[in-house]
Amino acid sequence: MDLSKKTFHWMMTQRICLQETACYTNAVTQEATEEVSLDSPEREPILSDGPSPAITPVTPTAMLTPRMGLGTAEMFERSLDEIEEDDSGDTFDMHIAVSDPEKVGDGMNAYMGYKVTTKTSMTIFSKNETTVRRRFSDFLGLHSKLASRYLHIGYIVPPAPEKSIVGMTKVKVGKEDLSSAEFVEKRRSALERYLMRTVKHPILLKDPDVMMFLESSELPRAVSTQALSGAGILRMVNKAADAVNKMTIKMNESDAWFEEKHQQFENLDLQLRKLHASVECLVCHRKELSVNTASFAKSAAMLGNSEDHTALSRALSQLAEVEEKIDQLHQDQAYADFYLFSELLGDYVRLITAVKGVFDHRMKTWSKWQDTQLLLQKKREAESKLQFANKPDKLQQAQDEIKEEIEELEGKVQQGEKDFELISKTIRKEVSRFEKERVKDFKVVIIKYLESLVQTQQQLIKYWEAFLPEAKAIA
Amino acid sequence: VSSVNVDLQTDATLQVDISDALSERDKVKFTVHTKSTLPNFKQNEFSVVRQHEEFIWLHDSFVENEEYAGYIIPPAPPRPDFDASREKLQKLGEGEGSMTKEEFTKMKQELEAEYLAIFKKTVAMHEVFLCRVAAHPVLRKDLNFHVFLEYNQDLSVRGKNKREKMEDFFKNVVKSADGVLVAGVKDVDDFFEHEKTFLLEYHNRVKDASAKSDRMIRSHKSAADDINRIASTLYTLGTQDSTDVCKFFLKVSELFEKTRKIEARVAADEDLKLADLLKYYLRESQAAKDLLYRRGRALVDYENANKALDRARAKNKDVLQAETSQQVCCQKFEKISESAKQELIDFKTRRVAAFRKNLVELAELELKHAKGNLQLLQSCLGVLKGDT
């Protein structure tokens with residue numbers, strides 16, 4: 001059994017499905033790669049408080065079952081559901097596909113290029129369909145910019161897919177085997193989900209860097225995303241410092257809502273990690289089952305060959321065929337286990353880390369505000385003490401100085417309070433949006449996953465029903 | 001006990017079964033129950049208690065009996081092996097403090113079910129051995145067999161001591177070297193020549209299939225265990241969640257609890273109908289090979305006796321002795337050949353019947369479980385889809 005051929009077959013199916021989905025929005029597929037002007041008057045200010053576009057479920061095409069049976073009609077139906085689901089304002093109608101991974105260059109400087117196709121009817125985009133080529137560091141660069149811009153004011157920025165030095169090295173070195181093909185497919189799917197989550201966020205969607213990422217034919221190289229670069233090391237240092245600071249901040253939580261939500265997310269984090277680990281185990285064992293079933297099938301065929309009773313020999317060969325089909329079934333199910341269930345859980349484990357990060361930023365904002373307030377208090381005390389200083393000529397100057405400082409600090413305290421209130425308000429909105437999205441995501445994926453299980457059982461029934469008369473025919 | 005995986009004719013004159021069994025710390029006690037109209041027994045119905053070593057003693061007595069050289073000796077049942085299961089139960093007991101009461105009860109139930117399954121299997125395998133003997137026209141009359149069935153005291157057969165085990169080992173080494181020698185001699189008889197070639201290949205392939213089926217079934221069990229853990233975590237998620245996805249988690253958790261029980265049953269049924277079938281025929285095909293070896297040995301002895309007779313006649317020395325010896329060898333060889341032929345034909349008939357029965361039952365069970373699974377999945381999907 002040629003395993004590499006099997007994976008290829010599955011991935012081909014994915015690409016066919018992607019192309020078919022692409023057809024529904026535009027009758028004619030035009031691939032335009034023109035530069036878009038960033039000064040378009042349609043771009044609204046980033047932090048607009050306008051109505052947020054409706055949220056639609058994330059159903060990346062990679063989650064389609066790998067069986068060829070899934071027709072275009074079914075996919076078309078599903079996409080219409082997505083459009084129908086909006087309740088107010090603009091329809092969120094956007095679809096991003098990441099496809100066609102291609103190795104560029106050789107050796108350690110080689111990288112994987114991906115095609116990013118955006119299809120949308122929304123007016124903020126200059127074209128209905130745009131295709132660009134991007135590499136992994138471009139995605140990381142985008143995330144890095146968004147994170148630095150929005151995380152500290154309370155927006156939950158979806159995390160980018162993880163780096164993998166081992167995985168990428170194998171690809172660079174040109175190891176064209178099953179595991180590197182799987183790695184590339186896993187990454188492609190993750191990049192697609194990442195982009196879809198990012199654009200579903202009403203604020204992030206309108207960020208100029210997001211627009212540029214989706215529409216510009218050329219992007220400046222994001223060098224600072226490399227793990228061992230200066231920026232990378234600085235990031236690690238900052239992360240460590242943050243961790244220490246978090247331990248020393250003791251916040252007087254006046255808002256029970258935050259206390260409750262924080263605890264909820266801690267619990268959710270723990271359980272999702274546990275579930276993720278169990279599902280990864282299941283994927284592993286199912287793959288093992290597939291391999292062992294294939295091995296048994298071969299063995300049963302051999303046994304059938306050496307059996308000298310004709311009818312029994314034939315039945316054993318049929319058994320071998322059934323088991324071979326079942327092995328493929330197990331493999332398909334393992335892929336569904338992984339791409340539907342396991343990857344969703346992995347995404348949410350990382351998303352919750354971002355949520356916790358946002359809660360931490362609120363704590364930091366509060367802390368900064370309190371510190372400024374303390375400083376102001378100290379200055380006021382210093383001011384009153386000045387009255388009793390005994391250098392009358394210097395007194396006026398000192399008083400003026402300190403008055404200036406106090407005024408400045410008063411302004412800062414006010415700002416600090418405003419910042420804190422704003423981040424609290426933003427987080428409430430964000431958490432509500434996140435929870436709605438989470439509920440939809442899980443509901444959709446659970447249903448899709450159960451449907452994959454149904455299909456497996458239906459196939460099993462077909463195979464065994466075909467075998468039963470063969471077994472009975474042994475005479 | 002229903003998992004008898006060989007097709008045997010039931011005969012009113014002698015019926016044997018294992019009506020009860022008791023698993024103690026390091027041994028299993030089987031209650032062997034006999035119903036017979038034969039005059040050899042004092043009563044028509046009676047029971048005795050036997051342990052594994054006594055079954056082995058009976059089997060070995062058949063193998064060592066020259067009179068039975070021409071028969072396929074029913075393979076001895078494998079030793080009851082609860083070590084792995086016992087170890088797991090012990091570990092569970094030690095780890096009781098580290099898990100919740102529900103988890104502990106759940107795991108305990110599972111391990112007990114596993115223990116019970118192994119127990120049922122070993123009872124079945126010991127029973128099959130006895131039934132095979134009882135169904136054999138010659139072996140059923142064996143005196144040792146009757147003693148085994150009727151004598152209600154301990155037979156005092158201890159397991160082989162170290163020296164005896166060594167002797168066995170050397171016997172086997174000599175036998176396999178001999179086996180090669182004997183197998184190399186081409187047989188004039190087409191039937192036996194074909195059987196030799198067939199059995200050598202068949203035995204190896206059954207061995208391979210048996211090992212591979214074991215591995216496949218183990219993976220299946222592991223996957224079922226994973227689904228169990230997933231169900232538990234989903235339940236916790238469901239109870240913790242305040243949004244309406246909690247209903248999904250709880251429903252799916254309930255679903256997975258049920259489907260994983262079915263998956264575990266699928267693995268258990270595959271084990272019984274497929275893996276055990278292959279294991280049994282591994283042992284039977286070895287017994288058939290042993291028969292061919294004995295016949296081959298007798299043939300070699302006969303040919304050597306012929307050569308000795310020619311030499312004696314040429315030298316005109318000890319001719320009568322050589323003639324008698326040659327006649328004995330000839331009779332022995334012909335007797336074995338005659339019964340061996342019938343035995344091998346019966347072996348084929350039994351094999352085909354057993355495979356048919358088990359493959360049909362396997363397919364029926366797989367279908368039953370798949371349909372059960374499907375129904376659970378579809379009903380759950382129906383509820384969940386109605387909610388969105």
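Nothing here was measured: the structure is a model prediction, and the numbers come from that model.
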Between chain B and each of [options], count heavy-atom pairs under 4.5 Å; write down the option with the most.
options                                : answer
A/Leu319, A/Val283, A/Leu312           : A/Leu312
A/Ile461, A/Leu316, A/Asp308, A/Leu272 : A/Asp308
A/Arg286, A/His309, A/Glu288           : A/His309

Aromatic ring proximity B/Tyr281/B/Tyr202, centre distance under 6.0 Å: no
Residues [X] and [Y]: side-chain donor-acceptor under 3.5 angstrom:
X        : Y        : result
B/Ser285 : B/His203 : yes
B/Asp346 : B/Gln342 : yes
A/Gln328 : A/Asp332 : yes
A/Asn292 : B/Ser219 : yes

Within 45° of the ring axis of A/Phe265 and under 6.0 Å from its six-membered ring centre, is that where the NZ or CZ of A/Lys356 lies? no
Among [options], who wins on heavy-atom pairs under 4.5 Å with chain A?
options                                : value
B/Asn373, B/Asn204, B/Leu376           : B/Asn373
B/Arg218, B/His194, B/Met216, B/Glu364 : B/Met216
B/Arg351, B/His369, B/Arg229           : B/Arg351
B/Glu201, B/Arg215, B/Glu366           : B/Glu366

Does CD belonging to A/Glu259 count more than 12 external heavy atoms closer than 6.0 Å? no
Has A/Arg314 got more than 12 heavy atoms of other residues, nucleotides or ligands less than 6.0 Å from its CZ? no
What part of [X] gets within 4.5 angstrom of chain B, counting heavy atoms only: side chain, backbone, both, or neither?
X        : result
A/Tyr463 : neither
A/Glu323 : side chain
A/Ile446 : side chain
A/Gln264 : side chain
A/Leu270 : neither
A/Leu282 : both

Test item: A/Ser452 side-chain N/O and A/Tyr449 main-chain N/O as donor-acceptor pair under 3.5 Å: yes
Kindly indicate whether the side chain of [X], heavy atoms from C-beta on, has any atom under 4.5 Å from the side chain of [Y].
X        : Y        : result
A/Asp347 : A/Arg197 : yes
B/Tyr280 : B/Pro75  : yes
A/Phe467 : B/Leu362 : no
A/His276 : A/Ser342 : yes

Does any heavy atom of chain A fall under 4.5 Å from the side chain of [X], the backbone, both, or neither of them?
X        : value
B/Val252 : side chain
B/Leu255 : side chain
B/Lys348 : side chain
B/Phe198 : side chain
B/Leu365 : neither

Can you pull out the residues in residues 233-243 of chain B with any heavy atom less than 4.5 Å from chain A? B/Thr233, B/Leu234, B/Thr236, B/Leu237, B/Gln240, B/Asp241, B/Ser242, B/Thr243
Less than 4.0 angstrom from a charged side-chain N to a carboxylate O is my criterion; do B/Glu195 and B/Arg295 meet it? no
Partner of B/Ser210 by side chain to side chain contact (heavy atoms under 4.5 Å, CB included), out of B/Leu274, B/Leu277, B/Leu278, B/Asp276: B/Leu278
